[in-house]
Amino acid sequence: MKKRVAIVGYGGQGGWHGDHAMKSDVVELAGIYDIKPAREEAQVVKCKYWHENDVLPVQTAAGITKTMAPRDEITTDTYTVPRPVSDVHDFYRNLVRAIDGKEEQLIKHSEVRRVLKVMEAALESDEKGSMPVAFDEEK
């Protein structure tokens with residue numbers, strides 16, 4: 001039996017891995033998300049009003065909901081933020097400085113553990129037929 005996989009890629013790698021996964025005899029492709037390189041301005045959509053009285057409900061795998069319903073321009077603000085100035089090597093510079101005790105780590109172990117818990121919950125949700133899965137952030 002094939003295992004379902006979801007691929008998260010960066011800068012085109014999601015598509016490359018997806019092409020190979022579709023040819024595999026051991027995995028079935030559940031989805032692909034390819035993160036665009038952050039080389040341009042980012043568009044931010046921020047919800048202004050959380051009131052759901054005027055929101056039309058949508059049907060999801062979990063049932064009818066207003067929470068996941070699209071918002072209109074009346075209830076949202078849209079703006080752009082400039083590309084942040086960064087150097088990919090800053091991560092490694094920080095890692096070395098943190099090991100040497102000269103500064104605090106930018107990416108904390110607790111943050112990495114939380115991301116892993118979210119990924120594990122997503123896999124468990126898929127195994128249960130896309131049912132929501134709660135996870136304990138404290139453990």
Side-chain angles (χ1 to χ4, degrees):
M1 184 167 97
K2 289 186 173 188
K3 297 287 186 182
R4 291 178 51 125
V5 298
I7 296 171
V8 178
Y10 178 80
Q13 290 299 306
W16 183 89
H17 287 285
D19 290 343
H20 287 80
M22 288 190 295
K23 298 173 188 171
S24 170
D25 60 342
V26 294
V27 298
E28 172 186 332
L29 189 59
I32 301 172
Y33 181 72
D34 206 348
I35 301 166
K36 281 181 19 180
R39 288 185 165 74
E40 51 198 56
E41 290 184 333
Q43 184 177 19
V44 177
V45 179
K46 178 180 171 188
C47 185
K48 292 192 292 191
Y49 304 109
W50 286 102
H51 305 293
E52 296 184 343
N53 298 339
D54 298 327
V55 177
L56 295 175
V58 294
Q59 180 69 39
T60 67
I64 294 177
T65 179
K66 289 184 175 183
T67 304
M68 301 304 292
R71 306 291 174 154
D72 59 22
E73 63 278 350
I74 296 171
T75 61
T76 59
D77 279 330
T78 303
Y79 57 94
T80 58
V81 292
R83 175 182 175 243
V85 177
S86 67
D87 179 352
V88 69
H89 303 289
D90 288 341
F91 169 80
Y92 299 104
R93 290 180 188 114
N94 170 255
L95 180 63
V96 170
R97 289 181 190 127
I99 290 169
D100 289 342
K102 295 178 180 176
E103 63 185 55
E104 190 175 330
Q105 283 180 258
L106 292 174
I107 300 172
K108 313 287 187 286
H109 293 151
S110 60
E111 296 167 341
V112 174
R113 282 192 299 272
R114 183 178 190 282
V115 168
L116 290 172
K117 287 178 185 179
V118 170
M119 293 169 67
E120 289 170 347
L123 291 170
E124 184 180 342
S125 173
D126 180 61
E127 289 170 359
K128 292 182 175 182
S130 297
M131 295 300 296
V133 173
F135 65 95
D136 184 2
E137 292 193 45
E138 297 301 316
K139 291 184 180 179

To the nearest 0.5 Å, atom CZ of F91 lies from atom CG of L106 at 8.5 Å

Practice problem: Check the hydrophobic clustering (I, L, V, M, F, W, Y; side-chain heavy atoms under 4.5 Å; chains of links allowed) and say if I107 and L116 are grouped together. | Solution: yes

By salt bridge (charged side-chain N to carboxylate O under 4.0 Å, His left out), D90 pairs with (sequence neighbours left out) R93

Establish whether V115 and V112 are linked, either directly or via other cluster members, by ILVMFWY side-chain heavy-atom contacts under 4.5 Å. yes

For K108, the side chain to side chain donor-acceptor pair (under 3.5 Å) test, sequence neighbours excluded, returns E104

d(Y92 OH, R97 CZ) to nearest 0.5 Å is 15.0 Å

With sequence neighbours left out, the residues meeting side chain to side chain donor-acceptor pair (under 3.5 Å) with E120 are none

**Residue pair E103 / N94, side-chain donor-acceptor N/O under 3.5 Å** = yes

